[in-house]
Structure formats: structure tokens, C-alpha cells
Amino acid sequence: MKWALSTTDERDWHARDFSERDPFWRKSSQRGLVCLGCGSPAFFRAPSRKKTPAFGAKHKDGCELLKEAWGVFRYLQ
């Protein structure tokens with residue numbers, strides 16, 4: 001996932017922006033991450049040589065985020 005909600009600061013975070021924050025801040029903020037679609041607990045995947053930063057979650061059945069067009073409409077509003 002590229003986006004997750006932080007319940008710590010009530011902000012939607014893009015994985016790239018989240019990865020650019022201080023490592024200590026990221027560690028303390030990681031506990032409050034949830035999926036924007038279903039509210040399941042989320043986690044941060046740090047970038048590596050082959051992969052860009054991302055969020056992950058074990059989504060609930062019927063999670064809206066897993067539907068292809070959902071992300072586009074949320075951020076065009």
C-alpha cells in the first residue's frame with residue numbers, strides 16, 4: 001500500500017513521506033498505523049535496494065482499499 005492512516009497524528013501518510021521522517025519518529029509512530037480502507041493494523045516496510053517504501057496490512061474481508069479504483073477517487077476529492 002502507498003497510503004496509511006496514523007492514529008497518532010490523525011494524518012494520511014504516503015509511504016515515501018513516512019520513510020523520509022526521522023527513524024526514531026517512525027518507530028514511535030508505527031504502532032498507530034491502520035489501513036485507510038478497513039481500519040486493520042498496518043505496518044511500514046522500509047525501502048531497500050530493490051523495493052520502494054510501502055505499508056502493509058492484513059486486510060479485512062471486503063476492504064475497499066483492495067478495489068482498484070478506490071485510491072484514485074479518495075485523493076481526487
Side-chain angles (χ1 to χ4, degrees):
M1 302 186 305
K2 292 183 181 180
W3 292 91
L5 170 66
S6 169
T7 58
T8 306
D9 60 7
E10 298 298 321
R11 181 175 169 190
D12 293 352
W13 281 95
H14 190 280
R16 181 190 62 247
D17 297 332
F18 194 85
S19 74
E20 292 172 353
R21 297 295 304 254
D22 177 83
F24 296 109
W25 179 90
R26 282 196 320 257
K27 187 173 182 176
S28 67
S29 297
Q30 229 174 314
R31 295 177 190 213
L33 295 173
V34 296
C35 171
L36 287 167
C38 64
S40 293
F43 54 89
F44 175 68
R45 294 181 183 149
S48 66
R49 286 181 152 184
K50 296 180 182 180
K51 296 189 178 196
T52 59
F55 295 109
K58 290 187 179 183
H59 301 279
K60 295 177 184 173
D61 289 339
C63 176
E64 292 294 320
L65 187 64
L66 300 178
K67 294 179 181 175
E68 196 170 313
W70 185 85
V72 174
F73 291 111
R74 178 172 172 86
Y75 289 98
L76 288 177
Q77 295 179 10

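Source: prediction; values computed, not measured.
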Whether Trp3 and His14 hold their rings parallel, tilted or perpendicular, with breakpoints at 30° and 60°: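 Correct class here is perpendicular.
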Minimum side-chain heavy-atom gap [X]-[Y] below 4.5 Å:
| X | Y | result |
| --- | --- | --- |
| Lys60 | Ser40 | yes |
| Arg45 | Pro53 | no |
| Phe44 | Trp13 | no |
| Phe18 | Leu33 | yes |

Non-hydrogen atoms of Cys63 and Cys35 that approach each other most closely: SG-SG, 3.7 Å
Considering all heavy atoms, the nearest Phe24-Asp22 contact: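 Where Phe24 meets Asp22 most closely, the heavy atoms are N-OD2, 2.9 Å.
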Trp25 with Phe55, same ILVMFWY side-chain cluster at under 4.5 Å: yes
Exam field: side chain Thr7 to backbone Gly32, donor-acceptor pair closer than 3.5 Å: yes
Main-chain N/O of Ser19 paired with Arg26 side-chain donor or acceptor, under 3.5 Å: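 Yes, because the side chain of Arg26 sits within donor-acceptor range (under 3.5 Å) of the backbone of Ser19.
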